[in-house]
Structure formats: structure tokens, C-alpha cells
Amino acid sequence: FALDVIHGYRTSFPVPLAEACAWDPVMAELSAEAAGREAYAAGLRWTFAPMVDIARDPRWGRIVEGAGEDPYLGAAYAAARVRGFQRAGIAACIKHYAGYGGAEAGREYNTADIPLRRMLEVYLPPFRAGVEAGAATLMSGFNSLNSVPVSGSRFLLTDVLRTWWGFKGMVVSDWGSIGELQAHGVAGDGVNAALQGIWAGVDMDMHAFVYRDHIKGLLDSGLLSTKQLDQAVRRVLSVKASLGLLDRPYADETLEIGAMLRPETIALAKRSALASAVLLKNDKVLPFSKEIAGLAVIGPLADSQVDPLGPWSAQGDKNEVVSVLQGLKAKLGAKSKVTFEKGCDLEGASTAGFSAALDIARRASAVVLVVGEGRDYSGEAHSRTDLDLPGVQRQLVEAVLKLGKPTVVVLMNGRPLALEWMDKKAPAILEAWYLGGRHGEAVADLLFGDAEPQGRLVTCFPRNVGQVPIYYAQQNTGRPATEQRYTSKYIDAPNTPLYPFGYGLSYTRFEYSGLKVPAHVQAGEKVRVQVTVKNVGARNGVETAQLYVGDPVASVSRPMRELKGFQKAELKPGESRELSFLLTPSELSFIGRDYRFGYEPGTFKVWVGSDSNATLEGAFSVEGEQDFYALDLAPKGDMEALPPRARSRAESPKKRKAIVVKDGATGPVSE
């Protein structure tokens with residue numbers, strides 16, 4: 001029995017995009033293990049998680065399920081979540097292989113056209129990390145990649161996954177995706193769809209039923225060999241055997257007693273929620289004082305207990321969720337008067353509730369506005385073209401802000417929103433995402449200073465939807481943006497995001513100094529980078545130091561900078577700490593013109609700081625002859641899901657028996 005246990009089973013954790021903002025893969029591993037233990041107790045042995053798709057287009061609804069835009073960070077989270085789930089005794093399933101997060105225009109199920117080099121350097125590393133972490137299963141996606149539907153791509157599912165990466169586990173299709181080869185236009189009927197899927201390397205057909213309906217006919221016709229079928233069956237049975245299901249097929253019902261909502265699991269969910277929220281702006285408003293005379297809580301999401309669960313909430317129960325309003329009331333108790341008005345609905349054009357909301361705001365000492373997207377705005381089949389607040393929420397926010405009260409906007413959403421107008425007007429903004437069952441408690445702790453904001457963005461926030469897709473690891477182009485006219489820029493907006501990758505504020509301040517980088521290293525040596533971080537504020541704080549590397553001159557154009565290391569440091573006021581990063585040759589390497597992996601002699605730049613705009617800069621040079629590593633990474637092109645003759649004949653019922661494919665051969669061996 002399997003289920004999408006994405007971010008908790010009964011105990012609800014922050015959605016994956018939020019959890020990644022903690023920059024703490026160890027915590028993600030623990031939360032996956034905790035979710036897996038609850039799921040195991042309920043009789044589940046397989047989760048369709050983690051989702052490791054790199055996503056750089058916030059219009060795509062499933063950006064909420066992954067770790068953001070960066071392959072280095074994404075790989076760390078992919079491996080952590082696989083380890084956590086499987087340590088709990090359930091099989092992980094890394095998905096959606098591959099390129100699904102690059103859907104054209106951010107539209108769900110859409111085609112993806114991604115150059116091979118970018119696939120290898122950006123979209124595939126998290127999948128490889130999941131494989132190397134021991135993932136038992138992998139899911140092939142709905143999308144086509146460079147005109148070949150991935151659930152019928154032998155290149156992806158056999159050449160890359162099994163031959164190059166050595167994956168020994170089972171591949172399952174996404175829901176109905178083998179049958180959908182017909183809708184993609186590469187299979188003329190269910191028979192051919194089944195043949196392409198199993199030929200490509202999909203072992204289990206999820207809910208299209210084309211394997212069930214047509215495999216026997218394919219065997220009888222000779223289009224499928226018994227050895228090929230046995231290979232797929234063996235992989236399915238091997239996973240079941242590894243889970244103990246062949247010996248113990250039934251769940252132990254006694255395990256569920258006392259397994260759900262254990263105190264230590266709830267405490268972990270609370271710690272994760274506190275670390276996942278990102279303080280985007282604070283103009284001397286936060287933290288609020290607990291001696292506040294009156295607090296107005298306004299917004300359609302302020303008293304919601306269901307929306308903090310986010311999408312794919314498994315068995316999460318809204319009655320066990322703490323809303324923002326409940327969290328604030330519990331925080332202040334009888335000492336302060338907390339008033340609430342919804343103000344408006346999430347959708348619709350009615351402003352009838354504005355008057356009551358403005359009235360309580362006028363009478364309050366401070367205001368908390370809780371706005372954003374409902375949980376059903378994110379997840380599968382929930383792409384958007386507008387990245388602003390839905391309905392009349394923007395008008396509500398603007399009306400309240402005109403009162404000039406100390407106000408914080410608490411955002412609840414599953415994607416980056418385009419909120420340049422809000423950044424200009426709101427004194428403080430807290431990105432809370434969907435934090436799960438402890439949502440309201442975490443928000444209250446953060447707003448009143450009982451916890452320090454420590455979340456850092458894992459995806460850029462655009463100024464407007466016209467900048468999308470936007471991400472930090474851009475290439476320079478032949479005409480980098482300057483004040484001159486004919487350079488790569490917009491005429492109506494900056495190239496920069498509203499909030500960059502890695503960004504997040506704290507209630508204290510940190511300074512970086514003392515960057516140490518060796519001037520020269522020999523080819524093949526590791527490079528040690530050291531930096532001192534100091535808390536120069538008046539409060540305890542947690543800083544996430546980020547190391548970026550750039551290769552200014554190479555045989556192919558490279559991103560201006562790429563994340564290659566990060567460390568968290570908890571520092572008291574006045575405390576400093578020297579952090580050390582170790583760059584390996586692999587972290588300096590890239591896919592060259594000949595599609596081999598390695599790095600070249602020359603000068604590399606490094607930056608260390610609090611986000612992807614870090615300005616503390618150093619450099620080192622690599623000396624000596626350095627050939628590209630002869631690693632098997634990529635062919636010179638794609639290959640078809642089936643040999644052309646077998647494919648064309650399979651589409652003709654009269655000729656199906658003419659082709660015999662034996663022993664996993666790469667083409668027809670007899671006619």
C-alpha cells in the first residue's frame with residue numbers, strides 16, 4: 001500500500017519548499033523519518049516522495065513540493081529525505097523523472113525543452129543524489145522531454161538511470177502516464193504504449209492498465225520476451241522482498257496505537273516550522289512587544305486551520321492545526337485584546353468586509369494581516385498566470401496600510417509571489433508558507449521574538465510575472481546588462497529579483513570578514529575557503545553562510561555564480577566564528593563541449609555571504625595540466641523508445657507478430 005506522504009502523515013510538517021528554506025537537510029531527514037514511522041504504523045510501505053524536481057517558474061503549482069531552484073541544495077535535500085523515509089521502513093520514490101519542473105510556461109503536464117547540458121548540470125543532480133542515497137524506487141513523469149515522453153524514454157530510464165548511475169530499484173510510472181503515450185502522439189494504441197513503456201524501463205504501470213491488458217498479447221506476438229518481462233517483475237518483487245512484504249504481507253494493527261502525534265514528533269514539526277519561515281522585510285516593526293495593548297488580526301487566512309496543512313497533507317487533520325489567530329491569542333493570553341475580522345474572502349470581488357476590518361485596525365496598537373493563497377492554489381494541476389494575491393486581498397492590504405499602524409503582512413502561499421507593491425508599502429513581511437500543524441504557534445513565536453527568524457529563500461521572488469523564469473545562476477550573455485541600450489535587460493524593470501535566492505532577514509545583524517582563499521592550487525587538489533562571521537546585533541541569531549563559485553573563462557559559458565557550500569551558525573551578540581568550506585574538484589567541474597565532465601585550469605572566483613548577492617569576494621587559480629575526467633555522463637544525442645521498425649510495425653495489428661525482441665537487445669533480431 002502506497003500514499004503520497006510528502007510532508008508528514010498524521011503529524012503535518014512544513015511543505016517541502018518551506019522546509020528547504022531552513023537550509024537544514026538533517027532536519028528534513030528527521031521529518032521524513034518521523035512521517036515514515038507514522039505511515040509505517042498505519043500499514044503503508046511506500047511513499048511517492050520525495051519530489052526532487054528543480055523548479056524555476058513559480059507559475060508551476062508543484063514548485064511547492066520541491067526544494068527550489070538550485071541543484072546543489074536540491075541534491076542535499078533529495079538524499080536526506082530518501083534516507084529519512086527508508087530508515088523508517090518505507091520505500092522512497094524519487095520523482096518526477098525528469099525535467100517535469102521545467103514545464104513550458106509553468107503549465108502543469110506541459111512539455112519541457114531542456115538542453116542536454118542543462119539537464120545534466122541542473123535538473124538531474126537531485127535525482128542522482130537520491131539514487132546514490134539508496135532510493136528503492138523512482139517515478140517516471142507525465143511530461144515529454146525534448147519531444148520524447150519520459151515514460152517512454154529508454155535514454156532516461158535505461159541509459160542514464162541504470163547504465164550510468166547503476167540504479168537497481170524499481171521504476172513506476174506516474175498516474176496513467178504509460179497510457180498517455182497515446183495522447184502524446186507517440187503510440188497509436190494501448191498495445192504500443194505498453195510496449196514503449198516496458199521497453200524504456202518502466203517496471204510498473206500505475207493506473208493506465210495497459211500492462212495488465214496487453215502484456216500477454218505482447219508476449220504471444222513476440223514483441224516482448226519473457227526475459228524482459230521477468231526483469232521488470234523481478235524489480236517489483238525485489239522491492240517487496242526488501243520491505244519484508246513477501247514474509248509479512250499484512251500490517252500489524254497494534255503498531256498504530258500510540259504512533260500518531262507523538263510529543264517528540266510534534267516538537268520536531270514545531271522546530272521545522274520555526275526554521276522555515278522567512279522574514280522578507282522589517283522596518284523596525286518586529287518583534288512586537290508582549291505588552292501590546294491591542295492587536296488586530298485581519299485576513300481571509302488568519303483563522304484558517306485547513307490552509308496551513310498545504311497540499312498533499314496525507315492524513316493531516318485540520319482540527320489538530322493551530323491557526324495564526326489561535327497562536328496569537330495563546331501567545332498574548334488575557335494581557336492583551338486580540339480582535340479579528342476576515343476582511344474579505346480569498347476569491348471574489350466583494351469588499352463588504354473592509355469596513356469592519358479597518359475599524360478594528362484603527363482601534364488597535366498593531367496589525368497582523370494574514371493573506372496569500374489557499375492550500376488549493378498549489379500542488380498538482382494548480383498552475384497560475386497571475387502571481388499577485390487572489391481576489392481583493394491586495395486592496396484590503398493597501399487599505400489597512402494607509403492607516404499607518406505598525407503592521408506585519410504574514411504570507412501563506414506555496415510559491416513565490418510578485419509583491420513589489422507590498423515591499424514598497426508594508427513595514428514588515430513574513431513569508432510563512434504552509435507550515436503544517438504548528439503553523440500558528442510558529443508565527444506567533446516569530447512575531448513576538450520568542451524565536452529568531454532564520455529561514456532563507458530557496459527560490460527567487462520576481463518583481464513581476466514578466467521576469468519569469470528567474471533564478472540566480474544566470475549566464476552573463478555576450479552583452480551583460482549596463483546603462484547602454486543594446487544590452488540584455490528589460491526597459492520597464494530591473495533584471496534583479498525582488499528577493500534573491502538565499503535571502504532572509506533576522507532580528508540581529510551579521511558581518512563577514514577575513515576571507516581566506518589560497519592563491520594557487522594544483523589541478524586535482526581540494527580548495528579550502530575560510531571566512532569569519534560575527535553577530536554584530538543585540539540578539540542571538542542563526543546565520544546561513546553561503547559559498548558561491550564562478551568560472552569566468554571556460555570552454556563553455558558558465559553561470560556567473562553557483563552555490564557550492566552552506567553552513568548554519570548560531571551566534572550570541574558579539575560572538576564570531578570562523579567557518580571552513582572545502583571545495584572538491586567535482587564542485588568545480590562542468591559538462592564541457594564534448595559532453596565529458598571535469599574542470600579546466602584558470603582562475604575561479606568565490607563569494608561568501610548571506611545570499612546569492614554576496615559581495616565578499618576572493619579568487620584562486622588552478623595550475624597544471626587538467627584533462628576532463630573521463631566519466632560516463634551523456635551520449636551525443638537521444639534515442640528512441642523503440643527501434644523504428646519495431647515501433648512502426650507495432651502500430652500495425654497485421655504486422656505485430658513479425659518482430660521478435662530477445663534478451664533485452666537494442667533492436668529487432670529476427671523477422
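The basis for the numbers below is simple: all heavy atoms, side chains too, and nothing from hydrogens, waters or symmetry mates. Residues take their numbers from the sequence shown, with the count starting at 1.
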Q) Going by atom types alone, do Glu431 and Asn413 pair a side-chain donor with an acceptor below 3.5 Å? A) yes
Q) Would Asp53 and Trp60 count as having a side-chain donor-acceptor pair, cut-off 3.5 Å? A) no
Q. Do you see a donor-acceptor pair shorter than 3.5 Å between the side chains of Gln546 and Ser610?
A. no
Q) Looking only at heavy atoms, what is the nearest atom pair of Phe288 and Ala366, with distance? A) CE2-CB, 3.8 Å
Q | Presence of salt bridge, Glu441 and Lys331, under 4.0 angstrom | A | no
(Q) Taking atom NZ as the centre, does Lys337 end up with more than 12 heavy-atom neighbours from other residues, nucleotides or ligands that are less than 6.0 angstrom away? (A) no
Q. Will you find, in the side chains of Asp423 and Tyr499, an N or O donor that is under 3.5 Å from an N or O acceptor?
A. yes
(Q) Quick one about Ser313 and Arg375 (side-chain donor to acceptor, distance below 3.5 Å, no hydrogens or angles considered), yes or no? (A) yes
Q: Identify the residue among Glu373, Glu69, Glu65 that makes a salt bridge (charged side-chain N to carboxylate O under 4.0 Å, His left out) with Arg415.
A: Glu373
Q: Check whether the side chains of Tyr100 and Glu108 place a donor and an acceptor atom closer than 3.5 Å, and report yes or no.
A: yes
Q.
Regarding Asp386 and Arg59, does a basic nitrogen lie under 4.0 Å from an acidic carboxylate oxygen?
A. no
Q: For Glu380 and Tyr109, test the side chains for any donor-to-acceptor distance below 3.5 angstrom and give the result as yes or no.
A: yes
Q | Heavy-atom check, side chain of Leu346 versus side chain of Leu301, under 4.5 Å | A | yes
(Q) Checking Tyr548 against Glu617: is there a side-chain donor and acceptor pair closer than 3.5 Å? (A) no
**Q.** Heavy-atom pair of closest approach, residues Ser350 and Val392
**A.** O-CG2, 3.4 Å
Q: Give, for atom OG of Ser365 and atom CD1 of Ile292, the distance between the pair rounded to the nearest 0.5 Å.
A: 5.0 Å
Q.
Ignoring hydrogens and geometry beyond distance, is a side-chain donor-acceptor pair present between Thr487 and Lys489 at under 3.5 Å?
A. yes
Q. Within 45° of the six-membered ring axis of Tyr471 and under 6.0 Å from that ring's centre, is NZ or CZ of Arg56 located there?
A. yes
**Q.** From OG (Ser378) to OH (Tyr434), nearest 0.5 Å
**A.** 4.0 Å
**Q.** Nearest-0.5 Å distance, CG of residue Asp388 to CZ of residue Arg394
**A.** 5.5 Å
Q: Could you tell me whether the side chain of Trp433 reaches within less than 4.5 Å of the side chain of Leu411, counting heavy atoms only?
A: no
Q) If you measure from CG on Leu280 to CG on Leu498, what distance do you get to the nearest 0.5 Å? A) 8.0 Å
**Q.** Residue pair Arg558, Glu121: steps toward the salt bridge (Lys or Arg N to Asp or Glu O under 4.0 Å) verdict
**A.** CA-CA 11 Å; Arg558 302 288 297 129; Glu121 292 184 341; 3.3 Å; yes
Q. Regarding Tyr472 and Asp611, is there a side-chain donor-to-acceptor distance under 3.5 Å anywhere?
A. no
Q: Report the C-alpha separation of Asp24 and Arg456 in whole Å, then their side-chain angles, then the decisive distance to 0.1 Å, and conclude whether the salt bridge (Lys or Arg N to Asp or Glu O under 4.0 Å) test is met.
A: CA-CA 11 Å; Asp24 191 344; Arg456 302 294 184 260; over 6 Å; no
**Q.** Salt-bridge contact Glu543-Arg509 (side-chain N to carboxylate O under 4.0 Å)
**A.** no
Q | Over 12 foreign heavy atoms within 6.0 Å of CZ, Arg118 | A | no
**Q.** Leu387 side chain near Pro462 side chain, heavy-atom distance below 4.5 Å
**A.** yes
Q.
Quick test of your reading of the model: are Glu570 and Arg577 salt-bridged, counting only N-O distances below 4.0 Å?
A. no
Q. Do you know which two heavy atoms are closest between Ser576 and Thr532, and how far apart they sit?
A. CB-CG2, 4.0 Å
Q) Is the Lys NZ or Arg CZ of Lys564 less than 6.0 Å from the centre of Trp607's six-membered ring, within 45° of the axis? A) no
**Q.** Closest non-hydrogen atom pair, Pro427 against Thr407
**A.** CD-O, 3.5 Å
Q.
Determine whether Lys534 and Glu575 satisfy the following criterion, salt bridge (Lys or Arg N to Asp or Glu O under 4.0 Å), listing intermediate values before the conclusion.
A. CA-CA 6 Å; Lys534 184 176 182 179; Glu575 183 182 4; over 6 Å; no
Q. What pair of heavy atoms forms the shortest contact from Ser513 to Leu616, and how long is it?
A. N-CD2, 4.0 Å
Q) About how many Å separate OG of Ser12 and NZ of Lys318, when rounded to the nearest 0.5 Å? A) 14.5 Å
Q: Please check if atom NZ in Lys402 has more than 12 non-hydrogen atoms from other residues, nucleotides or ligands closer than 6.0 Å.
A: no
Q) Leu73 versus Val458: any side-chain heavy-atom pair under 4.5 Å? A) yes
Q. Roughly how far apart are Leu419 CG and Phe461 CZ, rounded to 0.5 Å?
A. 7.0 Å
Q: Would you please indicate yes or no on a ring centroid separation below 6.0 angstrom for Phe501 and Trp23?
A: yes
